[in-house]
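Just so we're clear, the structure is a prediction, and the values are computed from it rather than from any experiment.
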Amino acid sequence: MKTKKQTFQHHSTQFLTAAASRWLLLLLTGFFLTTACKEKPEVEPNDSVTAKAGDDQSVQVGQVVTLDGSASASSEGKPLTYQWTILRKPAKSTVSLSDATSFKPTFKPDEVGEYELELTVTSPNGKGTDKVLVIASVAEPLAINANITVKTTLVDRIANPDLPDYIVTKNIDVNHELTINPGVVIAFERDVRMNVNDNGGLLIAKGEAASKIKFVGVQKTKGYWVGIALYSGSNANVLEYAEVSHAGSRAIYSTTKAALFFSGGSKAQMAIKNSAFTDNDGYGIYIYPEGILREFAENGFRNNTEAGILLDAANVAKLDYFTTFKGNNGRNVVEVTPSNLKNGAEVVWGGFADKAPYRINGELTVDTGWKLNPSVTLEMNRDAVIRINTSGYLSAIGTTKDKVIFTSADGSAAYWRGIICYSADPKTVLENAEVRNAGGNIIVSAKKANIAIWGTKATMTIKNTKISGSGGYGILIGYGSSANADLTTANTFESNAQTNVLIEK
C-alpha cells in the first residue's frame, strides 16, 4: 500500500511529464511555424551573354558592308539590345553606321584601309562584346583594247559607282553581241569612240534604277571622248537606266558632234528608256534620217553644248511627254533636221511636260496626215519652210488656253519662209493657233507670206488664229485655191508688211 508521500510523488511526476510534453509541443510548433513563414532566399541570376560580331570581311572602297550580330545569344533566352561602335578607321574616313543599335547595320568604306568595329550585346542580366575587322581596298579597272568579236558580257567589278570597271583605250568596233550588266562604268580615253556595227554587232545595256550603267570620259570633262556610233539594225539594241557623258571631242558623223549617233544608211535602231545624256560637247543624240528610234521614254538631257536631241521628222512621234529637254542645254529644244513625213497613217506630234518647243531646220515636207496637239510650239530656223503636199494634210487645232504656235527661232519678224499648202484635203485646219514672223524669203510665185494656199483645189480652214510679223502677206491664196469664207473676220492680223490677205483671181 502506497503512502501519501509516494502517491504525491507519483502525481507530481505525471504532472511534470505532461507539462514538459506540452511545452515541447509548443516549442516544436513555433519552430515549424517560424520555418514555414520564412521566405526562400533569392538566387542571383547568372545570364551568360555571347556577342558575335560576324566574320572579318575584305571589301572594296564604296561597297556597302553589312555587319551581322544576329548570332549573338543569351543563355536564358532573354531579349538583347545591340550597340556597334567604330573603334578605328582610316585617317581621312568620315563614315558612320546606318543604325548603330541594329543587329545588322551597314556602312560604306570611303577610304582604303582597316575598319575595326565592336559589338556590345546586353540582356537584362548580362553583357558581352566582340570585334570584327573590315579591310577595304581598291580594285583596278580592266582595259578594253581589242574589238568585240565574240559574245561578251561586261560585269560590275568595282563597287564604287564613281570608279570605272573598264577603260576603253582605243577605238573599238563591236562586231558581236555585247551585254553590259547593271552598275558597270566604262570610261573612254581621249578621242576614243565605240562603233556598234551592223551584221552581227549589237549593244544590250540594261541597268537598273539603283544601279545605272555609265559611259563616261576618263577625265570627267565635256568633250573628252568621241561617243557611240550605232550602225546596227538589230532590234535587240537597248539603252536603259544608263548615262552617257563627256562625249563630243570630235565629230561623230560629218561635222556633227553627238554622244550617241544613229546611222541612216544601215537603218540603225535602238530603244532608249530612263537614260540621261549629260555634259556632252555637241548633241546628246543625233538620229540621221532612216535611223529608227524604236522606243523612247522618260529620258533626260542636261548641259549639252547643242540641243539635247537632233532627229528627223519621222522619229519625232516616238518622243514621250515626260522626257526632259530643258536642262541647261545650248538650245533647250527638240531639233528637227530637214526631212520628210512620208505616206502612211496620221503622225501626231505632242507637247512635253517641260514645255520644250520643236526647232525646225530647213525644209519639212508633209506627205501624210500630220497632227499637232494643243500647246505644241514650232520654232522655225532661218528660211525654214513647211510644205503640205497633195498627199498630206496639217491639223493644228489648239484651244483658247493652249494654242498651236508657229514662230521664228529668235523671235524676230520676217525670219522664216512660212507654211505652203498644196493639199485639197479638208482636214487641213488651223484653229486656235498663231503663225508669226514668216515671210523672210519668197515662198511661191515671187511672193512672201506667213501662209500660202497654192495650187488647183488646194484648201485650208483657218479660224481663231493670229497671223503676224510677216515680211510679206499674212495669207496668200493662189488662183484655184480656197479658204473658209470668213477668213478675214474669223482671225486676227498684226504687223504684216503687206496686205493681210491676198486672194489671186
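- Of the inter-residue distances, the one linking Ser423 atom OG with Asn389 atom CG reads 9.0 Å to the nearest 0.5 angstrom.
- One finds no salt bridge joining Glu298 and Lys273 here, because no Lys/Arg side-chain nitrogen approaches an Asp/Glu carboxylate oxygen to under 4.0 Å.
- For Arg193 (side chain) and Gly227 (main-chain N/O), no donor-acceptor pair under 3.5 Å exists by modelled atom type.
- Between the side chain of Ser232 and the backbone N or O of Gly201, at least one donor-acceptor pair lies under 3.5 Å.
- Without hydrogens or angle criteria, Thr179 side chain to Thr153 main chain gives no donor-acceptor distance under 3.5 Å.
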Begin from the C-alpha positions of Leu203 and Val174 and carry the test side chain to side chain contact (heavy atoms under 4.5 Å, CB included) through to its verdict.
CA-CA 8 Å; Leu203 176 63; Val174 178; 5.8 Å; no

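- Looking at Arg294, its side chain does come within 3.5 Å of a backbone N or O of Asn237 through a donor-acceptor pair.
- Salt-bridge check for Glu240 with Lys212: failed, with every basic side-chain N at 4.0 Å or more from each acidic carboxylate O.
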Worked check of side chain to side chain contact (heavy atoms under 4.5 Å, CB included) between Ile272 and Leu293:
CA-CA 8 Å; Ile272 305 175; Leu293 191 58; 4.1 Å; yes

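- Put simply, the side chain of Ile180 reaches to within 4.5 Å of the side chain of Ile186, judged on heavy atoms.
- The ring-ring contact (aromatic ring centres under 6.0 Å, His included) contacts involving residues 410-434 comprise nothing, where partners must be two or more places apart or lie in separate chains.
- Between the side chains of Asp486 and Asn484, at least one donor N or O sits under 3.5 Å from an acceptor N or O.
- A side chain to side chain contact (heavy atoms under 4.5 Å, CB included) with Val501 is found for one member of Ile462, Ile467, Thr488 and no other, namely Thr488.
- A salt bridge links Glu379 to Arg359: one of the charged nitrogens lies within less than 4.0 Å of a carboxylate oxygen.
- Checked by atom type, the side-chain pair Asp367/Ser391 shows a donor-acceptor distance below 3.5 Å.
- Asn450 places a side-chain N or O within 3.5 Å of a backbone atom of Ser468 that can act as its donor or acceptor partner.
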Quick one: do Glu243 and Lys220 satisfy salt bridge (charged side-chain N to carboxylate O under 4.0 Å, His left out)? Show the steps, please.
CA-CA 13 Å; Glu243 296 179 1; Lys220 295 181 180 180; over 6 Å; no

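- Here Glu295 does not pair with Lys318 in a salt bridge; the nearest charged N to carboxylate O distance is not below 4.0 Å.
- Between Leu476 and Ile451, every side-chain heavy-atom pair lies at or beyond the 4.5 Å cut-off.
- For residues 187-214, every residue pair satisfying the ring-ring contact (aromatic ring centres under 6.0 Å, His included) rule, not counting sequence neighbours, is listed here: Phe188-Trp225.
- Donor-acceptor pairing under 3.5 Å is recorded for the side chains of Glu335 and Asn361.
- Identified under the ring-ring contact (aromatic ring centres under 6.0 Å, His included) test for residues 308-342, with sequence neighbours left out: Phe301-Phe325, Phe325-Phe352.
- In this structure, the side chain of Asn315 does not engage the main chain of Ile287 through any donor-acceptor pair within 3.5 Å.
- Annotation: side chain of Trp349 is not in contact with side chain of Lys371 (no heavy-atom distance under 4.5 Å).
- Looking at Ser408 and Asn437, their side chains do bring a donor and an acceptor atom within 3.5 Å of each other.
- In this structure a side-chain-to-backbone donor-acceptor pair under 3.5 Å is present from Asn160 to Asp162.
- The two residues Pro105 and Asp99 come nearest to each other via the heavy atoms CB-O, 3.1 Å.
- Side-chain atoms of Leu178 and Leu154, non-hydrogen and from C-beta on, do get closer than 4.5 Å to each other.
- Counting all heavy atoms, side chain and backbone alike, Asp383 lies closest to Arg417 at O-CD, 3.1 Å.
- Side chains of Thr365 and Leu341 form no contact here, defined as non-hydrogen atoms less than 4.5 Å apart.
- Ile228 has its side chain within reach of Phe215: a pair of non-hydrogen atoms, C-beta onward, lies under 4.5 Å apart.
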Can you list the steps and then say if Ile420 with Ile386 is a side chain to side chain contact (heavy atoms under 4.5 Å, CB included)?
CA-CA 6 Å; Ile420 183 164; Ile386 296 173; over 6 Å; no

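- Side chains of Asp173 and Asn195: a donor on one and an acceptor on the other come within 3.5 Å.
- Contact check for Arg302 versus Asp279: no side-chain heavy atoms found under the 4.5 Å cut-off.
- Looking at Asp198, its side chain does come within 3.5 Å of a backbone N or O of Gly233 through a donor-acceptor pair.
- For Thr459 and Ser482, the side-chain atoms include at least one donor-acceptor pair closer than 3.5 Å.
- Closest of all the heavy-atom pairs between Val65 and Pro109 is CG2-CD, 3.7 Å.
- At a cut-off of 3.5 Å, with distance as the only test, no side-chain donor of Tyr286 or Glu306 sits close to an acceptor on the other residue.
- Here the side chain of Asn432 pairs no donor or acceptor atom with the backbone of Ile397 at under 3.5 angstrom.
- Remark: Ala424 engages Lys457 in a side-chain contact (heavy atoms from CB on, under 4.5 Å) (not counting sequence neighbours).
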For a side chain to side chain contact (heavy atoms under 4.5 Å, CB included) check, start with the C-alpha distance between Leu378 and Leu372, then their side-chain angles and the critical distance, and finish with the verdict.
CA-CA 10 Å; Leu378 275 67; Leu372 301 178; 4.0 Å; yes

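- Nearest heavy atom pair, residue Asn373 against residue Val404, reads O-CG2, 3.5 Å.
- The two residues Val366 and Asn340 come nearest to each other via the heavy atoms N-ND2, 4.3 Å.
- Counted by atom type alone, Asp410 and Ser412 present one or more donor-acceptor pairs between their side chains at under 3.5 Å.
- Residues that satisfy the ring-ring contact (aromatic ring centres under 6.0 Å, His included) test with Phe296, not counting sequence neighbours, are absent from this structure.
- What you find for Lys222 and Asn304 is that their closest heavy atoms are NZ-C, 4.4 Å.
- Screening residues 245-256 for side-chain hydrogen bond (donor to acceptor under 3.5 Å, both in side chains) gives Asp191-Ser249, Asp191-Arg250, Ser245-Thr278 as the qualifying pairs, with residues at least two apart or on separate chains.
- Within the 4.5 Å cutoff, the side chain of Leu394 has heavy atoms near those of the Leu430 side chain.
- Looking at Asp156 and Asn181, their side chains never bring a donor and an acceptor atom within 3.5 Å of each other.
- A donor-acceptor pair under 3.5 Å is absent between the side-chain atoms of Thr456 and the main chain of Gly480, judged by distance alone.
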